[in-house]
J.: 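Just dropping this structure here.
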2 protein chains.
Amino acid sequence: MERGLKMTGQRRVIARVLSESHDHPDVEELYRRASVLDDRISVATVYRTVRLLEENGILERRDFGGGRARYETADEGDHYHLIDVESGQVVEFTHADHAELLRRITAELGFELVSHRLELFARRLPDVSQEQTDQQAQTERKGRSRP
Amino acid sequence: MERGLKMTGQRRVIARVLSESHDHPDVEELYRRASVLDDRISVATVYRTVRLLEENGILERRDFGGGRARYETADEGDHYHLIDVESGQVVEFTHADHAELLRRITAELGFELVSHRLELFARRLPDVSQEQTDQQAQTERKGRSRP
DNA sequence: TTAACTGCAAATGCTTTGCAGGCGG
DNA sequence: CCGCCTGCAAAGCATTTGCAGTTAA
């Protein structure tokens, strides 16, 4: 493997777990899922692997409150997260040009945007079950997410 | 004091430190500043006080990366933070109607916005020292901030 | 008086690490 | 074969908490 990294059994398993995870598991959860496939894996290895992958841009670390880091694969495209404060459920959404807006703001302050963080904490609205407003086009749901 | 709270010497000192702090100190730093005024204060008390004040909406807890929580008084008006990834310096800025934008996005997803988090991590641009663009009006610097 | 508060140190919870043995390339 | 990996348990850190002695109201 490139850069002197070894493809060990544990890493193979963790990689598989990650590619099959379309939510935002924390290390404990990844450890649980990996253990099902191979019970010779330790949490320490999960921590080490997850860190390795994050440093190489494969994974992205998130903080949705609650103290533990949560992870998602980095190749999922630009999106943000809305956390349901009641259930803890995470809803992903995209917003066209939001990053561009932030870049502009940053530039105006005399800086160059390196990265940013945006999380919405919200409460589910009583479902009015109405027709879609035309504004829905701007903010589109992404079709996945179950933490 | 209201709600059975006592105004102790320690709290008086910590309150004073907070009102005089116009940056975003972490607990360690608050402890240091308070100790100067009264060396009979323990970190535990600072932690407890800071938590108390946060629960009562007097203080706001921030996470600018780096592992420790940072605090600022809640009465400073709506603003966001840009963290200089090089120096760690925090620049505050306001952006008209950003909260409103986020509220709209949230509503479109069928939620009611409870709170949100937005942080920009950026690198200082080589100072071009040019005239102000008219866009500067939109994103205005706030006149304070030295972490 | 007495419930709230404080200092101290022990405890927590997540994450990292030192070490000695394993194992992939 | 050699250096990268792993499990285990100990160590780190920021923060919280149990306890017994204070103190504000």
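In what follows, every chain begins at residue 1, and chains take the letters A, B, ... in the order their sequences are listed.
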J.: Given atom CZ of A/R12 and atom P of D/dT6, what is their separation to the nearest angstrom?
T.: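 Result: 11 Å.
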J.: Separation of B/R48 atom CZ from D/dC19 atom P, in whole Å?
T.: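 For the pair B/R48 CZ and D/dC19 P, the rounded distance is 13 Å.
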J.: What do the steps show when you test A/Y80 against B/H116 for side chain to side chain donor-acceptor pair (under 3.5 Å), and what is the final call?
T.: CA-CA 12 Å; A/Y80 297 101; B/H116 64 277; over 6 Å; no
J.: Using the closest heavy atom to pick a nucleotide of DNA chain D for each, name whichever of A/V46 or B/T8 lands nearer the 5' end.
T.: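 Between the two, 5'-proximity favours A/V46.
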J.: For a side chain to side chain donor-acceptor pair (under 3.5 Å) check, start with the C-alpha distance between B/H81 and B/H24, then their side-chain angles and the critical distance, and finish with the verdict.
T.: CA-CA 10 Å; B/H81 300 93; B/H24 310 78; 3.1 Å; yes
J.: Pick the nucleotide of DNA chain D nearest each of B/G67 and B/R51; which residue has the one closer to the 5' end?
T.: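 Checking each residue's closest nucleotide, the 5'-ward one belongs to B/G67.
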J.: Between A/D63 and B/R117, is the closest basic N to carboxylate O distance under 4.0 Å?
T.: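 Yes, this pair counts.
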J.: Nearest whole angstrom, please: distance from the C1' of D/dC8 to the CZ of A/R40.
T.: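 Answer to the nearest Å: 16 Å.
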J.: Give the nucleotide from the list C/dC8, D/dA25, C/dT17 with an atom nearest to the side chain of B/A44.
T.: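 Given the options C/dC8, D/dA25, C/dT17, the side chain of B/A44 is closest to C/dC8.
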J.: Among the nucleotides C/dT6, C/dG25, D/dA24, which one has an atom lying closest to any side-chain atom of B/K6?
T.: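 Selected nucleotide (nearest to the side chain): D/dA24.
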J.: Looking only at side-chain atoms of B/R11, point me to the closest of C/dG18, C/dT6, D/dA25.
T.: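 Among the listed nucleotides, the one closest to the side chain of B/R11 is C/dT6.
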J.: Take B/R124 and B/E86, measure what salt bridge (Lys or Arg N to Asp or Glu O under 4.0 Å) needs, and give me the verdict at the end.
T.: CA-CA 8 Å; B/R124 177 154 267 131; B/E86 230 96 79; over 6 Å; no
J.: Report the nucleotide, chosen from C/dC8, C/dC14, D/dC8, that has the shortest atom-to-atom distance to any side-chain atom of B/S42.
T.: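 Minimum distance to the B/S42 side chain belongs to C/dC8.
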J.: In whole angstroms, how far is the P atom of D/dT16 from the CG atom of B/L52?
T.: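 Atom CG in B/L52 sits about 12 Å away from atom P in D/dT16.
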J.: To the nearest Å, give me how far apart CG (A/D39) and P (D/dT6) are.
T.: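 Spelled out: CG on A/D39 to P on D/dT6 is 16 Å.
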J.: Would you indicate which nucleotide in C/dG24, D/dT15, C/dT15 comes nearest to any side-chain atom of A/Y47?
T.: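 Minimum distance to the A/Y47 side chain belongs to C/dT15.
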J.: Rounded off to whole Å, could you give me the OH-to-P distance for the A/Y31 and C/dC14 pair?
T.: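 Rounded to whole Å, this separation is 14 Å.
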J.: Tell me: CD1 of A/I41 to C1' of D/dC8, nearest whole Å?
T.: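 Value for this atom pair: 15 Å.
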J.: Looking at C/dC8, D/dG3, D/dC5, which one has an atom nearest to any side-chain atom of A/L5?
T.: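 Closest nucleotide to the A/L5 side chain: D/dC5.
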J.: Applying the 4.5 Å side-chain criterion to the ILVMFWY set and letting contacts propagate, would A/L53 and A/L5 be lumped into a single cluster?
T.: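 Unlinked, A/L53 and A/L5 end up in two clusters.
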J.: How long is the line joining CZ of B/F64 and C1' of D/dA14, in whole Å?
T.: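 Atom-to-atom, B/F64 to D/dA14, this comes out as 17 Å.
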